[in-house]
Colleague: 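This structure is in structure tokens; I'll ask about it shortly.
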Amino acid sequence: MRNVDLLVINSCIITMDRDHRVINDGAVAVEGDHIAALGETPDILSRFSAKRVIDGQGKYLYPGFISTHTHLFQSLLKGLGRDKTLFEWLDSSVRRALRNFDEETIYYAALVGLIEAVRSGTTTVTDYQYCHSLPGIDENVIRAYLDLNVRGVLSRSHTKVGGFPPEMAFSYVETEDDYFREMETLCVKYRNHPLIGMSLAPGIIWDHDRAGYLKTREFADHFKIPITMHLVETDDDDIYAQKTWGMSSIDFLESCGILGPDFVAVHAVKVTEKDISRFRDYDVKIAHCPVSNMILASGTAPVPRFLKEGITVSLACDGAAANDTQDMLDVMRITALKHKLVNHDASVVSAPEVLEMATMGGAKALGMEKRIGSLEEGKLADMFIWSANDCRAIPVNDPISSLVYSSDAHNIETTIIAGKIVLDEGRITTLDEKAVLRKAQELAEGLVKKSGLGNSHWGKTLPVRSGL
């Protein structure tokens with residue numbers, strides 16, 4: 001009898017492995033941060049014992065979701081700048097607040113976003129971090145990952161803020177040299193870290209010149225990390241690229257050697273047939289953000305076509321200032337519904353395909369498919385327990401359809417990351433959640449006031465009450 005750290009028994013395991021195995025009366029043995037074994041409950045219990053045993057009777061065990069794109073600092077800007085297009089929204093909310101973030105506000109913003117993610121079954125979050133009001137501010141996002149015990153990829157971005165108008169101007173303006181120097185420091189410090197990874201994140205097509213993109217490719221190859229960037233979310237990317245380089249955005253990135261299997265295109269809404277072919281040929285990955293694309297009326301990425309061409313598609317919440325949640329269950333449901341509507345075809349983007357995007361699709365996008373994305377022996381122990389514990393989910397006639405179409409965060413009872421129980425029967429275990437939420441509300445109110453932000457409805461400014 002081998003003693004391990006944790007056993008989850010008597011659950012129906014949806015493995016999401018290559019064969020899509022489903023183990024009806026299944027059990028998982030967790031040792032340290034990885035899965036020591038999984039199989040039928042009687043077999044696992046005959047070979048393993050543990051101090052902590054979770055009985056999953058009548059429940060389902062899934063691999064954790066992987067959100068491949070968000071902006072955690074935006075968690076303090078929920079609900080602002082609504083009902084506007086992309087750049088109107090940016091100029092009336094995020095860009096006015098950026099310069100006023102400090103170490104404390106970005107830390108609590110990251111914590112709030114990550115807690116919400118964990119409560120929706122997400123175990124890995126890629127933070128596209130472009131808020132650099134102070135040097136070294138990224139460490140506060142990483143601290144949030146570590147304090148909550150969430151697997152994170154810090155996609156450190158470079159954004160040209162030097163040309164912002166006076167009402168948005170930064171006191172600290174990061175140069176391109178600063179960006180690469182800071183990236184090198186972070187890559188060396190967190191190399192082989194058990195929870196934290198890195199990727200390069202050019203902000204958008206105009207945030208680097210050709211030399212900057214060439215250096216981005218060189219840097220990514222040297223440190224063997226992905227490149228991710230906002231790409232053709234709107235027509236503005238190609239308008240700029242044509243004016244500046246006489247070619248489309250994707251033509252330009254190809255000429256700089258950026259496209260490749262380690263490149264994650266975020267949004268990819270305004271793509272051409274030629275673009276889709278190149279994504280396939282270069283094995284480019286997609287981070288699909290359906291909710292923010294809807295809120296900002298950017299359009300719809302051709303996900304059914306991507307899937308038909310064998311292009312890897314992952315799912316992402318995007319920042320809370322353009323989505324208002326970090327709930328992957330919400331993203332999954334909207335992904336399925338949106339593409340059925342715009343394609344006038346109820347068969348496209350099925351529930352199993354959506355689940356694949358949220359798990360192995362995300363793992364492949366991050367180059368981590370050998371470590372996460374499915375429940376298999378030797379992989380990292382990132383998983384959640386789903387329970388049909390309310391009227392929204394009952395009855396369960398199909399656990400995949402129920403997960404995608406009939407779930408919310410109340411159905412996620414337990415979330416395990418790197419073998420550690422972070423959400424235990426609805427309770428966050430790694431920190432005082434209520435205290436974090438109270439502090440986040442206080443900081444958000446101060447940030448909004450300092451930045452001169454706020455909405456008006458019916459000619460009135462509505463009172464703010466948190467209820468905490």
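Along the sequence shown, the residues carry numbers beginning at 1.
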Colleague: May I ask you to check whether His208 and Glu176 show a side-chain donor-acceptor distance below 3.5 Å?
Modeller: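 Yes - a donor-acceptor pair under 3.5 Å links their side chains.
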Colleague: From Asp209 CG over to Cys256 SG, what is the distance, rounded to the nearest 0.5 angstrom?
Modeller: 9.0 Å
Colleague: Can you tell whether the side chains of Asp221 and Arg217 come within less than 4.0 Å, N to carboxylate O?
Modeller: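 The answer is yes: the pair qualifies as a salt bridge.
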Colleague: Apply the side chain to side chain contact (heavy atoms under 4.5 Å, CB included) test between Arg96 and each candidate in Leu80, Leu453, Val448, Leu77; give the one that qualifies.
Modeller: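 For Arg96, the side chain to side chain contact (heavy atoms under 4.5 Å, CB included) test succeeds with only one of Leu80, Leu453, Val448, Leu77, which is Leu453.
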Colleague: Checking Arg143 against Tyr107: charged group under 6.0 Å from the ring centre and within 45 degrees of the axis?
Modeller: yes
Colleague: Would you confirm whether Asn140, through its side chain, and Ile137, through its main-chain N or O, come within 3.5 Å as a donor-acceptor pair?
Modeller: yes
Colleague: Between Ile13 and Leu375, is there a side-chain heavy-atom distance shorter than 4.5 Å?
Modeller: yes
Colleague: May I have the step-by-step check of ring-ring contact (aromatic ring centres under 6.0 Å, His included) for His71 and Tyr130, ending in yes or no?
Modeller: CA-CA 8 Å; His71 310 287; Tyr130 67 91; 4.8 Å; yes
Colleague: Can you name the one residue among Glu433, Gln326, His410 that meets side-chain hydrogen bond (donor to acceptor under 3.5 Å, both in side chains) with Arg119?
Modeller: Glu433
Colleague: Quick check against the 3.5 Å criterion: does Asn149 have a side-chain atom that pairs as donor or acceptor with the backbone of Ile417?
Modeller: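 Such a contact is found between Asn149 side chain and Ile417 backbone.
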Colleague: For Arg371, is there an ion pair with Asp382 - N to carboxylate O distance below 4.0 angstrom?
Modeller: no
Colleague: Do Glu184 and Phe223 come close enough that some side-chain heavy atom pair is under 4.5 Å?
Modeller: yes
Colleague: Can you name the closest pair of heavy atoms from Thr430 and Asp147 and give their distance?
Modeller: CB-O, 3.6 Å
Colleague: Please determine which of Thr70, Leu154, Thr228 meets the side chain to side chain contact (heavy atoms under 4.5 Å, CB included) test together with Tyr128.
Modeller: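 When side chain to side chain contact (heavy atoms under 4.5 Å, CB included) is applied between Tyr128 and each of Thr70, Leu154, Thr228, only Thr228 qualifies.
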Colleague: Look at Asp324 together with Lys78 and state whether they make a salt bridge at an N to O cut-off of under 4.0 Å.
Modeller: no
Colleague: Does any N or O in the side chain of Thr359 come within less than 3.5 Å of the main-chain N or O of Pro63, such that one atom is a donor and the other an acceptor?
Modeller: no
Colleague: Side-chain contact test, heavy atoms from C-beta onward, threshold under 4.5 Å: evaluate it for Val125 versus Leu114 and give yes or no.
Modeller: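 Yes, side chains in contact.
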Colleague: Ignoring hydrogens and geometry beyond distance, is a side-chain donor-acceptor pair present between Ser347 and Asp345 at under 3.5 Å?
Modeller: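 Their side chains do contain a donor-acceptor pair, which is all the 3.5 Å distance test asks for.
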Colleague: Between Phe384 and Phe65, how do the two ring planes meet: parallel, tilted or perpendicular, split at 30° and 60°?
Modeller: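 Answer is tilted, since the angle falls between 30° and 60°.
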Colleague: Are side-chain heavy atoms of Val331 and Thr325 found at a separation under 4.5 Å?
Modeller: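 No, side chains not in contact.
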Colleague: Distance alone, cut at 3.5 Å: any donor-acceptor contact between the side chains of Tyr282 and Glu254?
Modeller: yes
Colleague: Quick one: do His132 and Phe101 satisfy ring-ring contact (aromatic ring centres under 6.0 Å, His included)? Show the steps, please.
Modeller: CA-CA 8 Å; His132 293 105; Phe101 276 87; over 10 Å; no
Colleague: Of all heavy-atom pairs between Phe170 and Arg99, which one has the smallest distance, and what is that distance?
Modeller: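 It is CZ-N, 3.8 Å.
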Colleague: Between Trp386 and Ser407, do the side chains contain a donor N or O and an acceptor N or O under 3.5 Å apart?
Modeller: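 Their side chains do contain a donor-acceptor pair, which is all the 3.5 Å distance test asks for.
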Colleague: Indicate yes or no: does Glu273 engage Arg305 in a salt bridge with an N to O separation below 4.0 Å.
Modeller: yes
Colleague: State whether the side chain of Asp17 and the backbone N or O of Glu376 hold a donor-acceptor pair below 3.5 Å, judged by distance alone.
Modeller: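 Side chain of Asp17 to backbone of Glu376: no pair is present.
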Colleague: Tell me whether Asn323 contacts the main-chain N or O of Ala320 through its side chain, where contact means a donor paired with an acceptor under 3.5 Å.
Modeller: no
Colleague: Salt bridge or not for Glu174 and Lys160, using N-O below 4.0 Å?
Modeller: no
Colleague: Could you tell me if the ring centre of His69 sits under 6.0 Å from that of His288?
Modeller: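 No: the rings miss the under 6.0 Å criterion.
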Colleague: Can a donor-acceptor pair be found, under 3.5 Å and without considering hydrogens, that links the side chain of Thr122 to the backbone of Val118?
Modeller: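 Pair absent, no side-chain N/O of Thr122 close to backbone of Val118.
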